[in-house]
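One structure is given here, and the rest of the page talks about it.
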Amino acid sequence: MSAQNPLFIPGPTNIPDRIRKACDMQTIDHRSPAFARVFKPAIAGVKRVLGMGAGEVFIFPSTGTGGWEAAVSNTLSPGDTLLAARFGMFSHRWIDLCQRHGLNVQVIEAPWGQGAPLAAIEAALRADTGHAIRVVLATHNETATGVRSDIAGIRRALDAAGHPALLFVDGVSSIGSMPFDMAGWGVDVAVAGSQKGFMLPAGLAILGVSPKALAAIETATLPRTFFDFRDMAKAYVAGGYPYTPAVGLIAGLAEAVEMLEEEGLEAVYARHHRLAEGVRRAVAAWGMRPCAASADLYSDTVTAVLVPEGCNGTDLVRLAADKYRVAFGVGLGEVAGRVFRIGHLGSLTDVMVLAGLATAEMCMADLGWPVRLGSGVAAAQEFYRGSVPAMLAAAA
Ligand SMILES: *Cc1c(COP(=O)(O)O)cnc(C)c1O
């Protein structure tokens, strides 16, 4: 890939120079007060981005997958029951991780392209009169299909059923890019990673943990060492870590939060929505449609584009990489070949997105797909011209 071309995979995302520079630092002694000066702003910043009330943020040298493992291994015991819907590769992988930990996952299967099925979740919770279900898992943004689920709706289902289960949310590809309201939605564990909305290299699992989830640790017996929240909490009190932290990445995380807050979180979310809407206009102009089944499910961070009959989305991704040095996402699992994915999250502008759309069109033309060059780009251009944020327009 050319280092100049932006990436259009839904993570890892483009790394702004400010963040690269913040990560690039000389070694410090992580057991000295210098570390707390790097670390504390990062923790405080993540709390704001998550919209957390009381509770703790834990940052592990790991990735989002490690965050899933930390969430369940700290709060559950072998044989415990969870409730989860499966509607894409990422919801599937969290379920698989739980099963491999000896947990009993009650799985609600939903078609890929749909979101978390609220009525079925509420029905399952109501049917569980003995309250065997300890945790409900939810994938906020299913990155494989470009579907955003209604986490507030899952909270309402729990409340309507009067069910005490904890609510764990995978926000790896939404947090920092789409509204996330941990306190308002009553989320007990929120999982994020460094390499998506936070615009950093991969290497951190970032978790927000509610007091209710922290209390569950005391009775949970799944084995855990590296990911033990209690060791982390104990070390935090002294301003440190139970082992060697990824200091550069943590410095970068503090910078990332500063960038998000300088822009303003609401403006960041509005930017993602606007970029995504331009992509969706382009997809419609190509005569195609998103894998997400309806507009209320559209993700503002990734669009999985269903390709025409007889075409293969993976061909487009390969050609874009080989010929134009631009990265798009391949289809995963059930939708392998049937979609290609345009990531539109992180450090990205309308102008960058137009370059990605233009590249996708060149590939379609090269592959003989029935798409006219410029059609999607023009649709996105029309949308972007007419929707410049007031702040930018005023500066012009
Ligand atoms: C990227 C992603 C993950 C996993 O992240 P890794 O950092 O690769 O472990 C989990 N869930 C979702 C929704 C993702 O997009």
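Values reported hereafter were calculated over all heavy atoms of this structure, with side chains retained and with hydrogens, waters and symmetry mates removed. Both counts, for ligands and for their atoms, begin at 1 and track the order of listing.
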Pairwise side-chain hydrogen bond (donor to acceptor under 3.5 Å, both in side chains) hits with a residue in residues 81-98, at least two apart
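Applying side-chain hydrogen bond (donor to acceptor under 3.5 Å, both in side chains) to every pair that reaches into residues 81-98, excluding sequence neighbours, yields T81-N104, R86-H92, R86-E109, S91-E142, D96-R100.
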Whether H163 and H131 hold their rings parallel, tilted or perpendicular, with breakpoints at 30° and 60°
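H163 vs H131 ring planes: tilted.
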Taking the inter-plane angle between the rings of F39 and Y236 on a 0 to 90° scale, is it parallel (under 30°), tilted (30 to 60°) or perpendicular (over 60°)?
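F39 and Y236: perpendicular rings.
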Show me the short polar-atom pairs for ligand 1: any N or O of it lying under 3.5 Å from a protein N or O, with distances only.
| unit_1 | atom_1 | unit_2 | atom_2 | d |
| --- | --- | --- | --- | --- |
| ligand 1 | 7 (O) | T63 | OG1 | 3.4 |
| ligand 1 | 7 (O) | G64 | N | 3.0 |
| ligand 1 | 7 (O) | Q195 | NE2 | 2.7 |
| ligand 1 | 9 (O) | T63 | OG1 | 2.6 |
| ligand 1 | 9 (O) | G64 | N | 3.3 |
| ligand 1 | 9 (O) | T65 | N | 2.8 |
| ligand 1 | 9 (O) | T65 | OG1 | 2.6 |
| ligand 1 | 11 (N) | D170 | OD1 | 3.4 |
| ligand 1 | 11 (N) | D170 | OD2 | 2.6 |
| ligand 1 | 15 (O) | T143 | OG1 | 2.5 |
| ligand 1 | 15 (O) | K196 | NZ | 2.6 |

Take F180 and H140 through the test ring-ring contact (aromatic ring centres under 6.0 Å, His included) and record every step on the way to the result.
CA-CA 9 Å; F180 196 90; H140 185 206; 5.5 Å; yes
Quick one: list whatever passes salt bridge (charged side-chain N to carboxylate O under 4.0 Å, His left out) with D181, sequence neighbours left out.
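D181 satisfies salt bridge (charged side-chain N to carboxylate O under 4.0 Å, His left out) with no residue once adjacent residues are dropped.
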Excluding sequence neighbours, so at least two apart, what forms salt bridge (charged side-chain N to carboxylate O under 4.0 Å, His left out) with E266?
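For E266, no residue satisfies salt bridge (charged side-chain N to carboxylate O under 4.0 Å, His left out) once neighbours in sequence are set aside.
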